[in-house]
Q: 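I have a structure here, written as structure tokens, and I will follow up with some questions on it.
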Amino acid sequence: MKPLRSDVSWRFLDEYRGKFFKANWPTLPQMFRVSVERWPDNVCFVDFDGNGGTKQSYTYTQVWRNVETLAQWMISNGIKKGDRVAVSGKNSPEWATVFIASMLAGAIACPMDYALHNAEIANLIKTAKPKMLFVDEEKYDWFQKSRLGVKVYSLSPKEPKTFVYNLPAPKKLSAYPEFSDKDTAAILFTSGTTGNPKGVMLSHENLVSDCFIAQQNLVLFDTDVFYNLLPIHHAYTMQAALICPLSAGCSIVFGKSMAVTRLLKELREGKITVMLGVPLLYNKLYTGILKGVAAKGKAVELLIKFLMNVSYGIKKVLGVNVGKYLLHSVLDAANISTIRVAICGGGPLASSIFKGYNALGIDFIQGYGLTETSPIIALNPMEHFKIESVGMDFSPWEEIKILNPNEQGIGEIAVKGPMVMQGYYNMPYETAEMFTKDGFLKTGDLGWMDKEHYLMLSGRAKNLIVTEGGKNVYPEEIEDAFQLEYDVEQIMVRGYVANEETKSEEIEALVYPSDDLLARLEIDRANAAKDKRVYDEIKLIVDKINKGLQPYARVSKITILDKALEMTTTRKIKRGSVAKAEPKKTAPAKKAAATKAKAPAKKAPAKKATPVKKAAPAKKAAVKRVAEKKAPVKAKAPAKKSAAAKKAAPAKKPAKK
């Protein structure tokens, strides 16, 4: 069914090649300059930080002037090509202005996670060695007093002397450095809050090519309004909610908080048409919608479910979105009636959630990628989505292949294309380890591709559980099955040694119960992990999910947690911070093997760990498992297309006179 478009999304760039840029791809500031030329009066940046939380808007022309003023100020204050400029703060027009201006001045932008502790950000600064740091108000004083050898400026008007918009351009303007799309644009840190941080170096070609290539699977309009809510330093938000909309003349509403009242206000008054989120955000929003419907009574609930089924069926068969009209009142009550498309990334999403949003009349699509790929390498097209897939690849502008596939076609996903990183900052060995001999980046994710180039994820290679019978279990697939369980706030599935002699692994679920469950049972959080009523409620849910799983993949041990698991800023559990499995020797065991595991020295944050009696084999699996699918045809790179993957832009053309 490829291709979806009759022409590439970046064809218009030919008109500006020679006028604003000369290389294969424009740099990021050059790309923005083209947009200013095309849509000078379109609203570019929006926030709700005016007096009394009022709306403030800046046109493309106004934003460009701010970018140029700051870039000139940077040059006059010693910034030279290749220097680093760090920025750390809440999502805001000021943050985005620093990001683009630093590149225009010839510097490399170094976004840093504002949720990190001050000492952790300081560690990143010691690694990147930026000349300037632009930081938000909460951390400004600390960094001003620190002795890190970096000049500190403010993203907040509460510090007027160093506020980004108050830094004047010199009277005598300087020429901007010569740019190339091969130059490093940004260094994004993916880990390393202690020790030696890992910085991903992305070139202008990486970021800009990925921006336009991704639009082969998703059409944007200059009337779209994006909601920039997730942390902006993250590659997913930076690309999909900043760079992509800037390339298409869209408006960007910056959200600084996930507080419900503020979020609803920004959704409603911002008239958002494109929303980005992670599974946790969409799960909570969807379950909230379902709870609201259920509260109206059984008759209304049955009617809404019937209309959702009708809506989804018509959309899937005829490609017509009638849900927007049939279920407008439901969407309006949730403040999402203006949303045209919702995009999910940053982790796996249950297919039931994916289907639910589409049934409600919202074009809901999933994407896949990682920081090292700028980050998008697959995206589900609205015209032909597959709920079980994280997206269609972008061939022929990239190549994806599956390394060492098993009998089901599942193997490690590897990719080659113009969006693949330059490498890790000052880490040549770690960089080399990421690539195959023929130049493909190894993602560390397991999955398979179908004949239509749709990518299916199974899980992370390092999280794979191998059972006694040699069966592969992907914990993420089991976790996905719990996404609509209201009483489970967090769940992490992992293997544990059920028999010390045979070293056989079985499946354990670490569960952090929801506040709603504890309120219903009238149990304090401090006593939840010890209370048998909590365990019994969670066990009922686990037993229900187990019936839909293959026997070897069923959860045989439940551990109730007294503290929430640590999460990243994109709301994914930090598996590495969780202590190793430690069977509770005093727990009532159904199988002797479950009590023989040797406990490590470090204790897990669990209060109760009880083996679960295994359910009888189900007649039919209710949850689809990738491992049980018919072995797909292994996706092969298109013949004679390696060159296309290296250079995705059209050939250079002489500038129009």
Side-chain angles (χ1 to χ4, degrees), residues 20-21 26-33 36 44-45 58 60-89 92-112 114 121 124-137 139-140 143-144 146 148-157 159-181 183-189 199 201-204 207-208 232-233 238 242-243 246 425:
F20 293 129
F21 67 98
T27 64
L28 200 149
Q30 289 166 347
M31 181 205 78
F32 183 50
R33 181 67 185 87
V36 174
C44 183
F45 291 163
Y58 307 84
Y60 271 75
T61 298
Q62 289 172 323
V63 172
W64 178 249
R65 286 174 184 163
N66 289 339
V67 166
E68 282 207 297
T69 298
L70 182 58
Q72 286 291 331
W73 177 88
M74 286 179 175
I75 293 172
S76 68
N77 281 270
I79 291 296
K80 296 180 176 57
K81 185 173 181 179
D83 288 341
R84 271 81 60 206
V85 172
V87 56
S88 184
S92 67
E94 292 85 355
W95 193 105
T97 299
V98 172
F99 182 69
I100 302 170
S102 60
M103 298 178 192
L104 183 60
I108 298 169
C110 297
M112 295 178 181
Y114 196 57
I121 296 177
L124 299 182
I125 289 173
K126 290 175 183 177
T127 299
K129 295 180 172 59
K131 282 192 173 181
M132 295 178 176
L133 166 65
F134 290 81
V135 68
D136 232 323
E137 58 189 271
K139 299 180 184 290
Y140 179 82
F143 282 101
Q144 272 282 21
S146 68
L148 294 171
V150 59
K151 296 178 180 178
V152 180
Y153 302 94
S154 177
L155 294 174
S156 169
E159 302 293 339
K161 290 184 179 180
T162 58
F163 178 46
V164 58
Y165 287 159
N166 292 343
L167 303 175
K171 293 181 179 179
K172 185 179 180 180
L173 301 181
S174 303
Y176 294 117
E178 287 292 322
F179 291 104
S180 166
D181 58 352
D183 291 334
T184 302
I187 299 174
L188 309 187
F189 291 96
M201 297 187 295
L202 298 176
S203 69
H204 290 277
L207 292 169
V208 175
I232 196 171
H233 76 278
M238 183 187 302
L242 179 64
I243 299 174
L246 288 180
Y425 184 60

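If you read the sequence from its start, that first residue is 1, and numbering goes on from there.
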Q: Give me the atom names and distance for the closest heavy-atom approach of Leu242 to Ala96.
A: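 Looking at all heavy atoms of both residues, the closest pair is CD1-CB, 3.9 Å.
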Q: Of all heavy-atom pairs between Ala128 and Cys110, which one has the smallest distance, and what is that distance?
A: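 In terms of heavy atoms, the two residues are closest at CB-SG, 4.1 Å.
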Q: So do the side chains of Tyr425 and Ile108 get within less than 4.5 Å of each other, counting heavy atoms only?
A: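 When only atoms from C-beta onward are counted, Ile108 and Tyr425 do not touch, as no gap falls below 4.5 Å.
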Q: Within the 4.5 Å heavy-atom criterion, are Pro170 and Gln72 side-chain neighbours or not?
A: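 In short, these two side chains touch, coming nearer than 4.5 Å.
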Q: Within this structure, what is the OG-CD distance for the pair Ser154 and Glu94, rounded to the nearest 0.5 Å?
A: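 Between Ser154 OG and Glu94 CD, I get 9.0 Å after rounding to 0.5 Å.
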Q: Should the ring pair Tyr60 and Phe32 be called parallel, tilted or perpendicular, given that the plane angle runs from 0 to 90° and is split at 30 and 60?
A: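 The rings of Tyr60 and Phe32 sit tilted, inter-plane angle from 30° to 60°.
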Q: Between His204 (side chain) and Leu28 (backbone), is there a donor-acceptor pair under 3.5 Å?
A: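 Yes; at least one donor-acceptor contact below 3.5 Å.
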Q: What is the minimum heavy-atom distance between Val208 and Pro26, and which atoms define it?
A: CG2-O, 3.5 Å
Q: Evaluate the side-chain proximity of Leu70 to Val98: yes if any heavy-atom separation is below 4.5 Å, no if none is.
A: yes
Q: Would you say Glu137's side chain and Leu155's backbone share a donor-acceptor pair under 3.5 angstrom?
A: no
Q: When rounded to the nearest 0.5 angstrom, what is the spacing between CD1 in Ile79 and CZ in Arg84?
A: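 Going from CD1 on Ile79 over to CZ on Arg84, the span is 9.5 Å.
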Q: Run Val85 and Tyr153 through side chain to side chain contact (heavy atoms under 4.5 Å, CB included) and show every step you take.
A: CA-CA 11 Å; Val85 172; Tyr153 302 94; over 6 Å; no
Q: Do you know the tightest heavy-atom contact between Ala105 and Ala71?
A: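 So the minimum-distance heavy-atom pair works out to CB-O, 3.8 Å.
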Q: Under the criterion side chain to side chain contact (heavy atoms under 4.5 Å, CB included), I'd like the reasoning laid out for Leu188 against His233: C-alpha separation, chi angles, the key distance, then a yes or no.
A: CA-CA 8 Å; Leu188 309 187; His233 76 278; over 6 Å; no
Q: Looking at Phe179, is its backbone amide N or carbonyl O close enough to the side chain of Asp183 to form a donor-acceptor pair, meaning the two atoms are under 3.5 Å apart?
A: no
Q: Measure the acute angle between the ring planes of Tyr58 and Tyr165, then classify it against the limits of 30° and 60° as parallel, tilted or perpendicular.
A: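 Because their plane-to-plane angle lies in the 30° to 60° range, the rings of Tyr58 and Tyr165 count as tilted.
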Q: Taking the side chain as every heavy atom from C-beta outward, state whether Leu246 and Ile100 have any pair of such atoms under 4.5 Å apart.
A: yes
Q: Kindly give the heavy-atom pair with the smallest separation between Met112 and Ile121, and that separation in Å.
A: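 Smallest heavy-atom distance, with atoms named: SD-CG2, 4.0 Å.
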Q: Are Thr162 and Tyr140 linked by a side-chain donor-acceptor pair shorter than 3.5 Å?
A: yes
Q: Side chains of Ser102 and Met74: does their closest heavy-atom pair fall under 4.5 Å?
A: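 With C-beta onward as the side chain, the pair touches.
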Q: To the closest 0.5 Å, what do you measure between NZ (Lys131) and CG (Asn77)?
A: 10.5 Å
Q: Spell out, as yes or no, whether a donor-acceptor pair under 3.5 Å connects the side chain of Thr69 to the backbone of Asn66.
A: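 No; judged by distance alone, with no hydrogens or angles, the pair does not exist.
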Q: Check the pair Asn166, Trp73 against side chain to side chain contact (heavy atoms under 4.5 Å, CB included), reporting the backbone distance first and the verdict last.
A: CA-CA 10 Å; Asn166 292 343; Trp73 177 88; over 6 Å; no
Q: Verify the distance criterion only: is there a donor paired with an acceptor across the side chains of Gln30 and Thr27 at less than 3.5 Å?
A: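 Yes, because at least one side-chain N or O of Gln30 sits under 3.5 Å from a partner of the opposite role on Thr27.
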Q: Surrounding NZ of Lys81 (heavy atoms of other residues, nucleotides or ligands, distance under 6.0 Å), is the total greater than 12?
A: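 Above 12, so yes.
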Q: Specify the closest pair of heavy atoms between Phe143 and Ile125, including all atoms of both residues, with the distance to one decimal.
A: CE2-CD1, 3.8 Å
Q: Would you check if Lys139 and Tyr114 make a side-chain contact, meaning some heavy-atom pair closer than 4.5 Å?
A: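 Touching, per the 4.5 Å side-chain cut-off.
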Q: For residues Val36 and Phe20, determine if any side-chain heavy atom of one lies less than 4.5 Å from a side-chain heavy atom of the other.
A: no
Q: Kindly compute the distance separating CG (Asp181) from CE (Met31), expressed to the nearest 0.5 Å.
A: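 One gets 13.5 Å once the value is rounded to the nearest 0.5 Å.
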Q: Does Asp136 reach the side chain of Trp95, with side-chain heavy atoms less than 4.5 Å apart?
A: no
Q: Starting at CG of Leu167, measure out to CE of Met132 and round the result to the nearest 0.5 Å.
A: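 Rounded to the nearest 0.5 Å, the CG-CE separation comes to 8.5 Å.
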Q: Between atom CG of Leu148 and atom CG of Leu133, what is the distance when rounded to the nearest 0.5 Å?
A: 8.5 Å
Q: Quick check on Lys151: does its NZ atom have over 12 non-hydrogen neighbours (other residues, nucleotides or ligands) under 6.0 Å away?
A: no
